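Heavy atoms only: backbone and side chains are in, while hydrogens, waters and symmetry mates are out. Fair warning: this is a prediction, and the values are worked out from it, not measured in the lab.
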Amino acid sequence: QVQLVESGGGLVQPGGSLRLSCVASGRTLSSYSMCWYRQVPGNQRELVAYITPSGDTTRYADSVKGRLTISRDNAKNTVYLQMNRLKPEDTAVYYCKVSALDYWGQGTQVTVSS
(Lines give C-alpha, C1' and ligand atoms only; values in the text may rest on other atoms or scores of the structure.)
Protein backbone atom coordinates (compact mmCIF):
# COMPACT_ATOMS: atom_id res chain seq x y z
CA GLN A 1 0.00 0.00 0.00
CA VAL A 2 1.19 3.48 -0.84
CA GLN A 3 -0.10 6.72 0.60
CA LEU A 4 0.06 9.90 -1.45
CA VAL A 5 -0.46 13.30 0.11
CA GLU A 6 -0.83 16.39 -2.05
CA SER A 7 -0.26 19.89 -0.76
CA GLY A 8 0.40 23.40 -1.99
CA GLY A 9 -2.98 24.36 -3.38
CA GLY A 10 -4.73 27.57 -2.61
CA LEU A 11 -6.25 30.72 -4.01
CA VAL A 12 -4.21 32.62 -6.56
CA GLN A 13 -4.93 35.43 -9.00
CA PRO A 14 -4.78 34.87 -12.76
CA GLY A 15 -1.18 34.97 -13.88
CA GLY A 16 0.06 33.79 -10.53
CA SER A 17 2.00 30.69 -9.56
CA LEU A 18 1.70 27.74 -7.23
CA ARG A 19 3.86 24.73 -6.54
CA LEU A 20 2.10 21.50 -5.67
CA SER A 21 3.83 18.65 -3.90
CA CYS A 22 2.96 14.97 -3.66
CA VAL A 23 4.76 13.04 -0.94
CA ALA A 24 4.56 9.26 -0.94
CA SER A 25 4.94 6.88 1.94
CA GLY A 26 4.66 3.13 2.23
CA ARG A 27 6.46 2.46 -1.03
CA THR A 28 9.41 3.85 -2.92
CA LEU A 29 8.27 5.48 -6.16
CA SER A 30 11.60 5.58 -7.98
CA SER A 31 10.55 2.78 -10.35
CA TYR A 32 7.18 4.28 -11.24
CA SER A 33 5.97 6.83 -13.69
CA MET A 34 3.86 9.44 -11.93
CA CYS A 35 1.01 11.67 -13.01
CA TRP A 36 -0.88 14.74 -12.01
CA TYR A 37 -4.60 14.83 -12.73
CA ARG A 38 -7.19 17.48 -12.10
CA GLN A 39 -10.95 17.41 -11.75
CA VAL A 40 -13.73 19.96 -11.70
CA PRO A 41 -16.99 18.79 -10.09
CA GLY A 42 -19.18 17.20 -12.75
CA ASN A 43 -16.29 16.70 -15.15
CA GLN A 44 -14.05 13.78 -15.98
CA ARG A 45 -10.72 13.62 -14.25
CA GLU A 46 -8.15 15.01 -16.66
CA LEU A 47 -4.53 13.95 -17.02
CA VAL A 48 -2.42 17.10 -17.05
CA ALA A 49 1.16 15.89 -16.59
CA TYR A 50 3.21 12.70 -16.67
CA ILE A 51 6.78 11.91 -15.75
CA THR A 52 8.90 8.79 -16.22
CA PRO A 53 10.73 7.17 -13.29
CA SER A 54 14.02 8.99 -13.84
CA GLY A 55 12.35 12.21 -14.87
CA ASP A 56 13.95 12.10 -18.31
CA THR A 57 10.62 12.33 -20.14
CA THR A 58 7.58 14.44 -19.39
CA ARG A 59 4.24 14.84 -21.14
CA TYR A 60 1.55 17.45 -20.74
CA ALA A 61 -1.98 18.17 -21.75
CA ASP A 62 -2.07 20.78 -24.49
CA SER A 63 -3.97 23.12 -22.22
CA VAL A 64 -1.08 23.38 -19.75
CA LYS A 65 2.01 23.10 -21.97
CA GLY A 66 4.47 25.85 -21.26
CA ARG A 67 2.79 26.79 -17.99
CA LEU A 68 2.92 23.66 -15.83
CA THR A 69 6.05 21.64 -15.16
CA ILE A 70 6.15 18.24 -13.51
CA SER A 71 9.31 17.16 -11.74
CA ARG A 72 10.37 14.66 -9.13
CA ASP A 73 12.91 14.13 -6.41
CA ASN A 74 13.21 10.41 -5.92
CA ALA A 75 15.45 10.84 -2.90
CA LYS A 76 12.54 12.61 -1.21
CA ASN A 77 9.90 10.29 -2.73
CA THR A 78 8.16 13.43 -3.93
CA VAL A 79 6.61 14.65 -7.17
CA TYR A 80 6.04 18.32 -7.87
CA LEU A 81 3.86 20.37 -10.17
CA GLN A 82 5.08 23.90 -10.73
CA MET A 83 2.20 25.98 -12.05
CA ASN A 84 2.92 29.34 -13.63
CA ARG A 85 0.77 31.90 -15.45
CA LEU A 86 -2.31 30.31 -14.01
CA LYS A 87 -5.69 30.82 -15.65
CA PRO A 88 -9.20 30.59 -14.18
CA GLU A 89 -9.75 27.41 -16.18
CA ASP A 90 -6.95 25.79 -14.16
CA THR A 91 -9.27 25.84 -11.15
CA ALA A 92 -9.73 22.24 -10.03
CA VAL A 93 -8.80 19.69 -7.45
CA TYR A 94 -5.37 18.36 -8.35
CA TYR A 95 -4.51 14.73 -7.67
CA CYS A 96 -1.27 12.81 -7.69
CA LYS A 97 -1.29 9.25 -9.06
CA VAL A 98 1.07 6.35 -9.59
CA SER A 99 0.74 5.89 -13.33
CA ALA A 100 0.48 2.10 -13.47
CA LEU A 101 -1.42 1.62 -10.22
CA ASP A 102 -4.74 2.76 -8.83
CA TYR A 103 -3.19 4.85 -6.08
CA TRP A 104 -4.44 8.40 -5.64
CA GLY A 105 -3.86 11.14 -3.18
CA GLN A 106 -6.66 13.04 -1.47
CA GLY A 107 -6.25 16.02 -3.77
CA THR A 108 -5.48 19.67 -3.21
CA GLN A 109 -7.73 22.52 -4.31
CA VAL A 110 -6.39 25.12 -6.70
CA THR A 111 -8.57 28.16 -7.27
CA VAL A 112 -7.55 30.81 -9.80
CA SER A 113 -9.71 33.88 -9.46
CA SER A 114 -9.45 37.63 -9.32
Side-chain angles (χ1 to χ4, degrees):
Q1 184 180 2
V2 62
Q3 296 80 45
L4 304 173
V5 179
E6 301 96 334
S7 63
L11 175 64
V12 63
Q13 292 186 342
S17 298
L18 287 171
R19 189 195 194 200
L20 307 185
S21 298
C22 171
V23 180
S25 62
R27 183 170 296 183
T28 298
L29 298 182
S30 60
S31 296
Y32 296 94
S33 294
M34 299 293 294
C35 304
W36 284 97
Y37 283 75
R38 66 187 182 188
Q39 187 171 30
V40 177
N43 290 5
Q44 291 272 66
R45 196 166 292 186
E46 175 191 19
L47 175 65
V48 298
Y50 167 92
I51 188 167
T52 52
S54 68
D56 61 329
T57 300
T58 58
R59 299 170 187 160
Y60 301 92
D62 287 343
S63 59
V64 306
K65 284 181 180 177
R67 301 187 300 111
L68 274 60
T69 302
I70 188 171
S71 62
R72 67 193 301 162
D73 185 341
N74 286 336
K76 298 183 182 297
N77 223 26
T78 301
V79 182
Y80 304 97
L81 187 66
Q82 179 67 48
M83 304 190 296
N84 297 327
R85 305 193 309 279
L86 284 163
K87 303 176 179 179
E89 51 262 45
D90 294 319
T91 296
V93 178
Y94 284 73
Y95 297 91
C96 181
K97 181 186 183 295
V98 180
S99 182
L101 303 172
D102 195 23
Y103 297 145
W104 298 84
Q106 85 290 343
T108 185
Q109 176 71 49
V110 172
T111 302
V112 185
S113 176
S114 59

Do Tyr50 and Ser99 meet the criterion of a side-chain donor-acceptor pair at a distance under 3.5 Å? no
Check: [X] side chain, [Y] main-chain N or O, donor-acceptor pair, under 3.5 Å:
X     : Y     : answer
Arg19 : Gly8  : no
Arg72 : Thr52 : yes
Asn74 : Ser54 : no
Arg67 : Arg85 : yes

How close do [X] and [Y] get, heavy atom to heavy atom, and via which atoms?
X     : Y      : answer
Val93 : Gln109 : CG2-OE1, 3.2 Å
Thr78 : Ser21  : CG2-CB, 4.4 Å
Ser17 : Gln82  : CB-NE2, 4.1 Å
Val98 : Met34  : CA-SD, 3.7 Å
Lys87 : Val112 : O-CB, 3.3 Å
Leu29 : Ala24  : CD1-CB, 3.1 Å

Identify whether the distance between the nearest side-chain nitrogen and carboxylate oxygen of Asp62 and Lys65 falls below 4.0 Å. yes
Using the side chain to side chain contact (heavy atoms under 4.5 Å, CB included) definition, which of the options Asp73, Ile51, Thr69 pairs with Tyr80? Asp73
[X] [atom1] to [Y] [atom2] distance, which is reported to the nearest 0.5 Å:
X     : Y      : atom1 : atom2 : result
Leu68 : Leu86  : CG    : CG    : 6.5 Å
Tyr95 : Gln39  : OH    : CD    : 5.5 Å
Asp90 : Thr111 : CG    : OG1   : 11.0 Å
Ile70 : Thr57  : CD1   : OG1   : 12.0 Å
Lys97 : Trp36  : NZ    : CH2   : 13.5 Å
Leu81 : Tyr60  : CG    : OH    : 7.5 Å

Going by heavy atoms in the side chains, are [X] and [Y] under 4.5 Å from each other?
X     : Y      : answer
Glu6  : Gln106 : yes
Ser63 : Arg38  : yes
Met83 : Val12  : no
Glu46 : Val64  : no

How far apart are the C-alpha atoms of Asn77 and Thr28, what are their side-chain angles, what is the distance that settles it, and do they pass the side chain to side chain contact (heavy atoms under 4.5 Å, CB included) test? CA-CA 6 Å; Asn77 223 26; Thr28 298; 4.2 Å; yes
When you take the SG atom of each Cys, Cys96 and Cys35, is the space between them under 2.5 Å? no
Common cluster, Trp104/Leu101, ILVMFWY with side-chain heavy-atom separation under 4.5 Å: no
Co-membership, hydrophobic cluster, residues Val2 and Tyr37, 4.5 Å side-chain: no
